[in-house]
Amino acid sequence: MDVIRSNQQPAEEPMLLPEGVKIDGDTGEVTPATGRYVKHLSSLRDLYEDTAAFDAHLAAHGDAVAYEVVEYRPEGSDICFGTTIMMPGKIGREYFLTRGHFHAKTDRGEVYYTQSGEGVLLLHSRTGESRSVSMRPGVAAFIPPDWAHRSVNTGSEKLVFVWMCTIDAGHDYGEVATRGMRQLAVEQNGSAALVANPKYPS
Ligand code: M6P
Ligand code: ZN
């Protein structure tokens, strides 16, 4: 006969507790944060169209931080958020950018809510459509599932935005790293413009 003992019940997950998280819209600091990382320019070389301009920029200005990501990712939660802080600058005609990615889980979207600075969010679908959303304070950009997305700082100050997504969305960098984005954000006659990426495979 089976003996049922109450101390053999599976342990319950600890209950998640509510918390107020302070986000500084100018610096992008998140308090408390659960993690952070920085991306230096040198790790982004292959993303820019003009590698000669890239090498000249690094030789002249050194390997500066291009952007930083600060996270609030509570263990056991289904959602997470954080900030991205992008420095201003250009490589040749192309403004500083993030790597860009699809989500590993193709049914997961994301929201970017710009706090300060100005930029543009470049997006493309797997079926050939391109879109962009202006990033300026007060604008929340809706990123639907299975759209590649890359942020570009087109201003002269830091671009700071809050991102929010499901914790299991994941990053799929492969296709954007290989093919690039369909559009580039470049300076043209003193202002930001979007142009077709001449290297994007047709
Ligand atoms: C946003 C979020 C992060 C992402 C970051 C940088 O903050 O989408 O998940 O990591 O941008 O973008 P990437 O990872 O493409 O360099
Ligand atoms: Zn994303």
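Both counts, for ligands and for their atoms, begin at 1 and track the order of listing. All values reported here derive from a predicted model rather than from experimental measurement.
By the criterion of a heavy-atom distance under 4.0 Å, the side chain of His171, and not its backbone, is placed next to ligand 1. Of the heavy atoms in Phe81, none comes closer than 4.0 Å to ligand 1.
Under a 4.0 Å criterion applied to the non-hydrogen atoms of Thr98, ligand 1 contributes the atoms 12 (O), 16 (O). For ligand 1, the atoms lying closer than 4.0 Å to a non-hydrogen atom of Tyr67 are 6 (C), 13 (P), 16 (O). The contact set between ligand 1 and Glu110, taken as ligand atoms under 4.0 Å from a residue heavy atom, comprises 2 (C), 8 (O). Ligand-side atoms of ligand 1 in range of Thr84: 1 (C), 5 (C), 7 (O), 11 (O), range being under 4.0 angstrom from any heavy atom.
Residue Tyr112 has at least one N or O atom closer than 3.5 Å to an N or O atom of ligand 1. Between Val69 and ligand 1, no N or O atom pair is found at a separation short of 3.5 Å.
For the Zn ion (ligand 2), the neighbouring protein N/O/S atoms at less than 2.8 Å, given as residue and atom, are His101 NE2, His103 NE2, Glu110 OE1, His149 NE2.
A donor-acceptor pair under 3.5 Å links the side-chain atoms of Arg150 to the main chain of Thr98, judged by distance alone. In this structure, the side chain of Arg36 does not engage the main chain of Val69 through any donor-acceptor pair within 3.5 Å. The backbone N or O of Glu71 sits less than 3.5 Å from a side-chain atom of Thr34, completing a donor-acceptor pair.
Using a 4.0 angstrom heavy-atom cutoff, Tyr37 counts as in contact with ligand 1.
Looking at heavy atoms from C-beta onward, Tyr67 lies in side-chain contact with Arg99 at the 4.5 angstrom threshold. Counting only heavy atoms from C-beta outward, the side chains of Cys80 and Trp163 approach each other to under 4.5 Å.
Taking the six-membered ring for Trp and the full ring otherwise, Tyr200 and His124 have centroids separated by under 6.0 Å.
Among all protein heavy atoms, the one lying closest to atom 14 (O) of ligand 1 is Tyr173 OH, 2.6 Å.
Atom NE2 of His149 and atom CD1 of Ile143 lie 4.5 Å apart (nearest 0.5 Å).
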